[in-house]
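Report on one structure; see the data block that follows.
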Amino acid sequence: MSTLSNSARLLSYVDALREGAAQEMDRDQSVFVFGLDVDDHKAIQGSTRGLLDRFGPERVFSTPLSEDAMTGVAIGAAMAGMRPIHVHIRMDFLMLCMNQLVNIAAKVHSMYGGNVRVPLVVRSMIGKSWGQGAQHSQALYSMFMHVPGLKVVAPSNAFDAKGCLIAAIRDDNPVIFVEHRLLYPLEALVPKELFVVGPGKARVCAHGDDITVVAISNMVTECLHARELLSETGIMTEVIDPVWLVPLDIETILQSARRTGRLLVVDNAWTSCGASAEIVAQVAEQAGPGAGIEVRRIGFAATTCPPSPALEAAFYPNPLTIATTIHQMVRPSAAPWYFEPERVRLACITSFRGPF
Amino acid sequence: MSTLSNSARLLSYVDALREGAAQEMDRDQSVFVFGLDVDDHKAIQGSTRGLLDRFGPERVFSTPLSEDAMTGVAIGAAMAGMRPIHVHIRMDFLMLCMNQLVNIAAKVHSMYGGNVRVPLVVRSMIGKSWGQGAQHSQALYSMFMHVPGLKVVAPSNAFDAKGCLIAAIRDDNPVIFVEHRLLYPLEALVPKELFVVGPGKARVCAHGDDITVVAISNMVTECLHARELLSETGIMTEVIDPVWLVPLDIETILQSARRTGRLLVVDNAWTSCGASAEIVAQVAEQAGPGAGIEVRRIGFAATTCPPSPALEAAFYPNPLTIATTIHQMVRPSAAPWYFEPERVRLACITSFRGPF
Amino acid sequence: MTPDSLATDDVEHLYWSIRRIRRVEEEIARLYPTDVIRSPVHLSIGQEAISVGVIDALADDDVIACSYRSHAAYLAKGGSLKAMMAEMYGKDTGCCRGKGGSMHLISTDAGVLGSSAVVGTHIPMAAGYALAFKLQDKERVGGVRVAAVFFGDGATEEGVFSETINFAALHVLPVLFVCENNGYAIHTPLAKRWATGELVERVKTYGIPAHHVADGDIFRIRALTAEAVASMRRGGGPFFIECLTYRWREHVGPAEDFAAGYRGREEMLPWVLSDQVPRLGAMLDAGTRERIDREIEREITEAVHFAEESPFPEIKELLTHVHAI
Amino acid sequence: MTPDSLATDDVEHLYWSIRRIRRVEEEIARLYPTDVIRSPVHLSIGQEAISVGVIDALADDDVIACSYRSHAAYLAKGGSLKAMMAEMYGKDTGCCRGKGGSMHLISTDAGVLGSSAVVGTHIPMAAGYALAFKLQDKERVGGVRVAAVFFGDGATEEGVFSETINFAALHVLPVLFVCENNGYAIHTPLAKRWATGELVERVKTYGIPAHHVADGDIFRIRALTAEAVASMRRGGGPFFIECLTYRWREHVGPAEDFAAGYRGREEMLPWVLSDQVPRLGAMLDAGTRERIDREIEREITEAVHFAEESPFPEIKELLTHVHAI
Ligand SMILES: Cc1ncc(C[n+]2csc(CCOP(=O)(O)OP(=O)(O)O)c2C)c(N)n1
Ligand SMILES: Cc1ncc(C[n+]2csc(CCOP(=O)(O)OP(=O)(O)O)c2C)c(N)n1
Ligand SMILES: [Mg+2]
Ligand SMILES: [Mg+2]
């Protein structure tokens, strides 16, 4: 990762989130963390662990089940000079907050002519696997990408989790901070000190000349596995993580896609009007037909997420389906590649075990 | 329009909505209309006028200001065999209904394995002009296009208003029915009898070989004006109205764009992750670089809608900006065309006068 | 409350119903660590008397709506045990064909509307059913069907609860609101969520008859429901019952969680002592009880077997049921 | 209520404030048909005593939040009339620089948080301010600042209202809830929206002191607010006042609407008789009153002139303020 300091050590995504919040709370009295169950022993799967002990119940507290009002409270507190972090254990529950997020948070800076600011972070987690099912598995960030005034970030690794969270907290705008349940245990080298991974810069995670793969959130991991799988074919995949979806660093993607001539966006969400649609559309518009770029999207199957294991597996892109798609795009006339089952199995392993 | 019968006569969009609802209510006892202020003398700008007198307060009633619960009530009633039409005077207010629409209406048929159906119509109107401002002007349909299980339709003329409304009422799925305030007074030939304009068929509103313009909702009118303006340049614009956004008839668009080599999507909404992104992305994916199609999107300015007249005018695409964009795309090396101000003025006239 | 007016048959039925639920969930808990059920389970163990008591006073064609903690109500209402077990296992024979999971049980045959995992969402859904019944059942012999909705203490904090209560009262809807107040939303106690405990008083301000049952007495719950249903059948409006209760296991998952620190085992004790399962059992003679117990065990074994043997849905099922056709 | 303890200065101020609001809105109504104001206006004419009475008991650095019907509260709290008028005209000198319009007045200087056109959205916003004050004002000389929020009867039907009330009571927040119950939401009367009228009783079930003011008496409203504020300054929790009132004009727009049929002019009569503007005026001597009236007219003329003369925002302003930087 770009700005590794000497202090970096292996840290999990969940611990990186926790550390980032704790350090910012230390630095800035106006930061507080609230939301359903942030202060219980499960501590949002560990991501808020220890904050209550350290900062007390005025700055770390659970709330009634009232997501709509709590979002309004967060906005009001932010306008009054605080920097709330409002936490939701599932992104699906943001549907209860839409009125406040879309009609208020996104708009007040603009509609009041710059008179107020909403330095608010809305953390939420995308659920996956173990039969989470229809209402605990959605990744609805494209709805927020649609509305001017919001920022959206979806860190895919522990380093970015910490750096983006700090950047989000310091941002004077409402930031929709998108986490993924399956990323929580994954480790990366993360500096001990405070640092920011600021808006508007994509990360090239792996270089390659044959195809540009833009991967979002958890799909970064999946795409890197797919890249691995493909190494035996000689196909070199460039994997780009946009990190911030709004503002979006389309330049990095465009440059890469111009070079490789192929763009595959692998989203961790439905494709229709999704982040993948936006990225493909921007590239198609800006590169123009002259650039001759082939584009493709994959994401969630266009249906409600089923809990039954076999269906659930088929619902998501995985390293094999991604690798197969890449292979098709790069070598359209070749026979479909046969990936050795044991390697596929290893690439597709996820360690998550329920209930949640 | 395609299926004009002898009975057709000029009818305004608002009266077409009203007539469609009344005829379906006559035909089918399970249809009822409810929502804030459907039964007052303004009757949702006339679109529910007379229904109360004709069908009584059990089938036509206003509600408390409780959009969230009322959406749940509509879903429950629909599951129980009724066919509710839930009306909202502004699309912005659907943000209060997101939990029920996204987490319940879109999902129950699928997550209950086909055991239940939700034949629900959610009518809402996009506001425009007269300083509606930030919270009364949004066109948020792409959010619904993102979620499998919902259908979305945005009729652009009186004929489709009636035909689509009837199709939506008869559909066994939740249909987000998108209206536009400025279309209400516009007239078209509309058959007296019941007819449907069913899901999944786009309408070619005007033929042309130079460029394909896909126009949504009110932008159909604006694009037809733009096409007129351009007639003096000799540019022949094909204007396509998708009518139904989900399911989307991409074939008609693709065929046209392949022929013209140029696709401009003019949306009546923000472009980021919008319907325009989806349409451009699908065309780019499916046509491939070999088709050499140039693509472009225009829509709302990427900011909150301002009420001040000058800013408000600049917020929206209009016949002049559309025509200019088309001209640029078709004749990129020509000098920008000069459109005679009086003709532009006539093309851009809108008759709407407030307060609402 | 003593069940003076109850026939032995009634007690037998109640015992069978509650004991069956208890045993099914214990069996789920036993199976869970083997990973055959890969879906989050929210057990009702300790809370069953509410579902059983309420539903015993409903008619077959009345309906119920539930949260994710729905096993008890689903079974009490007559949902198929086999279809439930198969659903837990993610099988094609499940009540949602493997597309719902533990949190989304449904039985249109038995009048189980469907359970929802987003807290509170099913409350207005029940009111919507009640609205439909009011319109559809004008001429119905026997009166209007009724919708009962079960929800937790936490659900009452969601705005949609207040909205629905007001609407139901305003439109005189035949809907019975049943709050299963187990004192916790996940691990967060009432004290961190409710400004006061005056829920029943609050509901009364909407003009809704509202009752508080503090001791989990199944006969009291049943009697209150019977009163409510009798009134609603004749066109009466909504009715509200808040039942205190206690969740014996963890919020989600099969185990106890008193070691977690957020609550002490002593809280559970009074509820164990007043547990309605042995209470009802003791009202039967030993022979009857044993016969019922045996039947239950056999049914459970069969249901588990059914779930095990059933096929998973085929992959092509992934894209069915997106839209109703 | 008689204002025994009031100094003449206080009455003068109240009269000035209420009369000024009335006259400003009458002027807006007069101008409106000329289309210089191209923004939907929701006039408070007839309801001003609530804003004036409440706000007179607040301190300058207390804050208020309002709905789209916010002209009265904005002016009473000290928002600039010129900036308001310019905003109505869509001018760059408007309080939102032409980006808000009539429904979104704001004055951070005067403690007007901003008005929202989506019903009820500003209620939790006020609670959020109160939460911030509670954290920020621990050591503050003079005690905690207070947030007052004005909303209509319709807004209490939105779930967010109940949610906010519970949260404010639970966290003992210094927020004053003021319901301006004018009996209608647009054209729909209470009878079609409220199951009962027991709003005050309902709020009390949250442990919140709640009062009902049926007669629009500005002194009573002021006194209740003073009591609430005194308690909140010292760390007391929320307070609720429901004030009956009457909207004299149409819901949106400048005209009367008694011909529309949804309400009769006779409903308005008692409110005209108890109108607080002449009542306050009569408490002053004629000379003082006329001086105040003249000042008001001059200020209005100047403000309209200011709005007329001000420039529209430049087109490049369209894309400023998307994100705070
Ligand atoms: C809208 C929403 N917010 C949060 C959650 C996460 N969640 C699941 S269960 C639960 C607690 C619900 O408590 P209660 O209503 O008392 O029901 P209980 O689990 O005690 O039966 C919460 C907060 C959710 N599922 N839905
Ligand atoms: C959430 C929402 N739903 C509907 C509307 C449309 N609407 C605007 S004002 C209004 C009535 C509000 O009534 P009330 O709260 O009593 O305020 P009043 O206008 O009487 O001051 C409605 C329904 C809206 N702006 N926001
Ligand atoms: Mg509970
Ligand atoms: Mg009102």
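Residue numbering restarts at 1 for every chain, and letters A, B, ... go by the order of the sequence lines.
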Practice prompt. Please look at C/Gln136 and chain B and tell me whether the side chain, the backbone, both or neither of the residue comes under 4.5 angstrom of a heavy atom of that chain.
Written response: side chain

Response to the item:
Among B/Gly76, B/Gly72, B/Gly81, the residue with the most heavy-atom pairs under 4.5 Å to chain C is B/Gly76

Practice prompt. Mind ranking B/Val108, B/Asn99, B/Ile75 by heavy-atom pairs under 4.5 Å with chain C and telling me who comes out on top?
Written response: B/Asn99

Worksheet item: More than 12 heavy atoms of other residues, nucleotides or ligands under 6.0 Å from CD of C/Glu308: is that the case?
Response: yes

Item to complete: Go through the atoms of B/Asp68 and report whether side chain, backbone, both or neither lie under 4.5 Å from a heavy atom of chain C.
Response: both

Practice prompt. Determine whether more than 12 heavy atoms belonging to other residues, nucleotides or ligands lie under 6.0 Å from atom CG of C/Asp60.
Written response: no

Practice prompt. With rounding to the nearest 0.5 Å, note down the distance linking CD1 in C/Ile165 to OG in B/Ser66.
Written response: 12.0 Å

Worksheet entry | Residue C/Ile325 versus chain B: region with a heavy atom under 4.5 Å | backbone

Worksheet item: Is the distance between the ring centroids of C/His171 and B/Phe61 under 6.0 Å?
Response: yes

Worksheet item: For the residue pair B/Asn115 and C/Thr108, what are the closest heavy atoms and their distance?
Response: O-CG2, 3.6 Å

Item to complete: To the nearest 0.5 Å, tell me how far B/Ser110 OG sits from C/His321 NE2.
Response: 8.0 Å

Worksheet entry | Under 4.5 Å from any heavy atom of chain C - which part of B/Gln100 | side chain

Worksheet entry | Contact leader toward chain B among C/Ala168, C/Ser115, C/Ser162, where contacts are heavy-atom pairs under 4.5 Å | C/Ser115

Discussion item. Applying a heavy-atom distance below 4.5 Å, give me the residues of residues 121-132 of chain C that approach chain B, sorted by number.
Written reply: C/Thr121, C/Pro124, C/Met125, C/Ala127, C/Gly128, C/Tyr129, C/Leu131, C/Ala132

Worksheet, complete the sentence: Ranked by heavy-atom pairs below 4.5 Å to chain C, first place among B/Lys107, B/Met79, B/Arg59, B/Glu67 goes to B/Met79

Item to complete: Count the heavy atoms belonging to other residues, nucleotides or ligands that lie under 6.0 Å from NE2 of B/His41, then report whether that count exceeds 12.
Response: yes

Item to complete: Identify which part of C/Val322 has an atom lying under 4.5 Å from any heavy atom of chain B, answering side chain, backbone, both or neither.
Response: both

Worksheet entry | side-chain contact (heavy atoms from CB on, under 4.5 Å), paired with B/Tyr112, selected from C/Cys96, C/Cys95, C/Ser107 | C/Cys96

Fill in: Residue pair C/Arg97, B/Met111: steps toward the side-chain contact (heavy atoms from CB on, under 4.5 Å) verdict
CA-CA 9 Å; C/Arg97 308 201 53 193; B/Met111 92 182 173; over 6 Å; no

Fill in: Proximal component of C/Ser116, with respect to chain B [non-hydrogen, under 4.5 Å]
both

Worksheet item: Which heavy-atom pair separates C/His323 from B/Leu150 by the least distance, and what is that distance?
Response: NE2-O, 3.2 Å

Worksheet item: Quick one: of B/Pro64, B/Pro148, B/Pro84, B/Pro247, who has the most non-hydrogen atom pairs under 4.5 Å with chain C?
Response: B/Pro64

